[in-house]
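First the structure, in the form of structure tokens, and then the observations on it.
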Amino acid sequence: MGEPYYITTAISYPNGRPHIGHAYEAIAADVIARFQRLNGRDVRFQTGTDVHGLKMLQKARELDTTPRALADEMSQYFKDMCDRLDVSYDRFIQTSEDDHHRASQAIWKAMEANGDLYLDRYEGWYSVRDEAYYAEDELVDDGQGGKQSPQGTPVEWTVEESWFFKLDAYQDKLLALYDEHPEFLQPDTRRNEIVSFVKSGLRPLSISRTSFDWGVKVPGSDGHVMYVWVDALTNYLTGLGYPDDTELMAKHWPADLHLIGKDIVRFHAVYWPAFLMSANLPVPKQVFGHGFLLNKGEKMSKSVGNVVDPFALADAFGVDQLRYFLLREVSFGQDGSYSPQAIAMRSNADLSNSFGNLAQRILSFIAKNLDGYLPAIRGHQPADAALFEVLTDALQTEMPKAFEELSLSQGIEAWMRAVFACNAYVDEQAPWALKKTDPERMETVLATLYIAIAQLSIAISPVIPSSAKALLDHMGVPDEVRSLGAMGSHWYSPLAESDYQVGVPKPLFPRIDLPAEDAE
RNA sequence: GGCGGAGUAGCUCAGCUGGUUAGAGCGGCGGAAUCAUAAUCCGUAGGUCGGGGGUUCAAGUCCCUCCUCCGCUACCA
């Protein structure tokens with residue numbers, strides 16, 4: 001096995017069903033994970049759900065069920081989503097699991113042993129009805145000279161016993177981390193925000209609650225459960241067997257990449273490394289805060305009613321079409337916009353017309369004119385070598401480099417350039433004309449294209465895994481060849497000599513015709 | 001208010017440490033071809049690079065200022 005690579009998504013808070021934003025993060029992480037596998041890395045990929053906290057408790061009460069039952073039920077939707085979208089996780093964690101409680105308590109004890117925790121009082125404006133604290137500036141006038149919560153519920157000054165973490169003690173170490181390892185937090189704009197936040201001064205962090213009990217118990221402190229972020233972040237360790245001295249921990253910690261949404265950058269770029277430093281554990285190599293998906297340029301929200309169900313999108317457009325669209329169209333790290341029209345256009349232009357049709361025209365030509373027997377290579381001409389050079393450059397240099405840097409859409413652009421080059425080559429060489437004038441040359445041209453199509457499929461397989469696999473299977477490309485390292489090896493002639501026959505292909509990506517209704 | 005980011009062809013965007021006629025994709029237009037999912041290929045589009053000022057032999061690319069939009073400015077998952 002190659003070098004270890006550990007990637008995680010954030011764990012989702014399942015107080016509602018998964019929406020397209022969850023799908024986007026899971027898909028992006030999956031593409032990176034699959035790319036690294038293709039790249040020969042020993043990949044571990046974790047995702048899951050964060051089920052503790054007040055909101056889940058409230059939701060459970062609302063539905064007249066227990067938080068655990070609700071957590072199990074809702075988590076299943078997220079698991080189903082991953083399965084539906086071909087998200088190839090190794091571990092799906094749910095924070096109510098026993099090993100996770102054990103890991104969270106272990107990191108707590110480690111921080112305590114390091115002298116960073118202390119018991120004190122948390123004071124603030126508390127709304128009994130909301131079961132939440134509000135900051136002074138969040139309060140609104142109640143119309144009678146008093147204050148009330150933004151929800152219009154009464155608040156009172158409340159004092160609660162709470163454990164605190166000496167976050168302020170880590171200010172300098174955190175700033176040094178950002179400074180010495182700019183790659184730790186990406187994109188740059190997120191790092192700027194965090195640096196200025198940390199520079200503005202850190203305060204101790206309240207990390208336990210006594211007002212409810214749905215969470216991880218604080219060790220040796222009855223009545224306290226951990227502030228959800230303490231246990232939520234710890235999930236990244238739980239999945240590796242922490243606190244035990246496991247092979248997984250040795251191999252995969254620190255994580256290579258925590259892929260998260262831009263809204264939770266602070267927790268991952270400030271609290272998490274501070275917790276880890278306190279517990280004497282190495283910090284992750286990189287945190288990447290991706291952007292949000294906007295529905296036709298507008299933020300999704302339940303109240304507006306423009307939340308999109310990923311299952312519905314997958315059904316309507318196809319899983320690979322959806323995956324391709326999200327990664328090709330959205331510049332990774334920035335917000336992106338999507339609409340049915342945009343998905344259809346992108347899928348039709350790139351997948352159906354350019355790539356799918358390339359495979360279709362060549363494979364069916366071979367199937368119809370050569371009975372599906374693979375043509376022999378009878379001496380290459382400069383044009384063939386030129387095509388291979390373009391392919392190698394795009395697929396084995398540019399694309400991996402871009403993916404390594406998480407410039408995913410740029411990597412796919414490089415792939416598209418290779419696809420264009422192949423279609424241009426087809427038109428220049430015109431095998432249908434060679435059929436009458438120079439059948440031997442025709443064979444070489446078709447063989448060249450066969451190899452090219454296989455390479456294109458292998459390179460794009462992280463993005464459109466099931467379509468790529470279907471095509472490679474149809475073409476009889478051996479499994480051993482399906483990696484970045486081996487895609488350029490000599491597998492074609494042995495396959496051709498083995499009397500392999502390609503069947504008449506079916507269009508890989510049927511064109512999407514949108515119904516006239518633009519609404520929704 | 002403070003800090004940070006963005007404003008480039010109809011649309012979506014590239015443009016690193018300043019330097020030949022400002023680029024790509026999509027759409028549009030004009031050709032070619034007919035193997036293929038009416039798919040492909042070639043050519044084309046002349047946009048004051050948000051406004052104004054400045055530095056420089058030379059500025060989307062640096063400085064100042066103004067306008068517009070967005071993000072962050074802690075205990076909410």
Side-chain angles (χ1 to χ4, degrees), chain A residues 10-16 50-59 122 124 130 132-135 138 150 162 164-165 167 187-207 209 227-230 232 262-267 270-271 289 291-292 297 299 328-331 334-337 341-342 345-346 348-369 407 409-410 413 416-417 419-435 442 445-446 449 505-513:
Chain A
I11 47 179
S12 307
Y13 201 70
N15 60 344
D50 167 23
V51 301
H52 293 318
L54 187 61
K55 289 195 177 172
M56 282 293 283
L57 190 59
Q58 289 172 331
K59 187 81 181 174
Y122 184 82
D130 297 346
Y133 281 93
Y134 293 101
E138 283 182 292
S162 172
F164 282 82
F165 171 73
L167 184 62
D188 288 336
T189 165
R190 299 297 153 222
R191 193 178 63 251
N192 289 340
E193 289 174 3
I194 291 297
V195 167
S196 79
F197 170 73
V198 173
K199 274 186 178 162
S200 75
L202 296 174
R203 301 200 297 266
L205 184 70
S206 163
I207 55 167
R209 299 286 185 271
Y227 169 52
V228 287
W229 275 104
V230 176
K262 63 180 183 180
D263 55 332
I264 55 174
V265 166
R266 184 197 308 145
F267 303 101
V270 181
Y271 301 172
F292 289 152
K299 195 167 178 174
R328 172 64 186 83
E329 191 91 354
V330 180
S331 182
Q334 297 185 290
D335 288 352
S337 201
Q341 293 80 358
M345 210 162 87
R346 181 55 76 179
N348 286 344
D350 291 7
L351 295 179
S352 305
N353 297 352
S354 295
F355 178 61
N357 184 55
L358 170 68
Q360 186 70 13
R361 66 200 300 208
I362 299 311
L363 299 187
S364 68
F365 196 96
I366 293 173
K368 289 174 189 172
N369 292 287
S407 301
S409 59
Q410 288 178 43
E413 262 186 76
M416 271 309 294
R417 280 199 294 278
V419 174
F420 288 147
C422 287
N423 272 320
Y425 174 88
V426 176
D427 281 34
E428 280 163 25
Q429 301 299 322
W432 49 90
L434 293 171
K435 186 180 158 191
M442 176 196 79
V445 166
L446 293 174
L449 285 161
K506 280 194 303 247
L508 203 52
F509 303 99
R511 288 177 57 81
I512 299 167
D513 286 314

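Values below: every heavy atom of this structure, side chains too, minus hydrogens, waters and symmetry copies. The model shown is predicted, which means the values in this text are computed figures rather than measured ones.
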Checklist entry - Under a 3.5 Å cut-off for both distances, is B:G71 Watson-Crick or wobble paired, and to whom? => result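 Base-paired to B:C3.
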
Item to check | Partner nucleotide, any strand, of B:U61 [Watson-Crick/G-U, under 3.5 Å] | outcome: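 When the pairing criteria are applied, nothing turns out to pair with B:U61, so the answer is none.
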
Next on the checklist: My understanding is that only residues two or more places apart in sequence, or in another chain, count here; which of them pass side chain to side chain contact (heavy atoms under 4.5 Å, CB included) with A:Arg511?
Outcome noted: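 By the side chain to side chain contact (heavy atoms under 4.5 Å, CB included) rule, A:Arg511 matches A:Asn348, A:Ser352, A:Asn353.
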
Item to check | Partners passing side chain to side chain contact (heavy atoms under 4.5 Å, CB included) against A:Val195 (at least two apart in sequence or in another chain) | outcome: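 So A:Val195 forms a side chain to side chain contact (heavy atoms under 4.5 Å, CB included) with A:Leu175, A:Tyr178, A:Arg191, A:Lys199.
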
Next on the checklist: Going by the rule ring pair (Phe, Tyr, Trp, His ring centres under 6.0 Å), which residues pair with A:Phe197 if we only count those two or more places apart in sequence or in a different chain?
Outcome noted: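 Counting only residues at least two positions away or on another chain, A:Phe197 forms no ring pair (Phe, Tyr, Trp, His ring centres under 6.0 Å).
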
Sugar-phosphate, base or nothing in reach of [X], heavy atoms under 4.0 Å:
{"X": "A:Ser364", "value": "sugar-phosphate"}
{"X": "A:Lys262", "value": "nothing"}
{"X": "A:Phe509", "value": "base"}
{"X": "A:Ile194", "value": "nothing"}
{"X": "A:Gly356", "value": "base"}
{"X": "A:Asp50", "value": "sugar-phosphate"}
{"X": "A:Gly336", "value": "nothing"}
{"X": "A:Arg203", "value": "base"}

Item to check | A:Asn357 (side chain) and B:A36 (base): donor-acceptor pair under 3.5 Å | outcome: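 Present.
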
Checklist outcome for this item: Counting primed atoms, P, OP1 and OP2 as sugar-phosphate and everything else as base, the B/S/- map of nucleotides 3-13 of chain B against protein heavy atoms under 4.0 Å is SS---------

Checklist entry - A:Phe164 has an atom CZ; how far is it from atom C1' of B:A74, in whole Å? => result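 In whole Å, B:A74 C1' and A:Phe164 CZ are 13 Å from each other.
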
Item to check | Contacts of A:Lys55 that satisfy side chain to side chain donor-acceptor pair (under 3.5 Å) - sequence neighbours left out | outcome: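 By the side chain to side chain donor-acceptor pair (under 3.5 Å) rule, A:Lys55 matches no residue at all.
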
Next on the checklist: Closest approach to the side chain of A:Ala424, judged atom by atom: which nucleotide of B:C42, B:A77, B:U37 is it?
Outcome noted: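 Closest nucleotide among those given: B:C42.
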
Checklist entry - If you find the nucleotide of RNA chain B closest to A:Phe365 and the one closest to A:Leu202, which residue's nucleotide is nearer the 5' end? => result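 Upstream on the strand: A:Phe365.
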
N/O to N/O distances under 3.5 Å, protein versus nucleotides 22-33 of chain B:
none

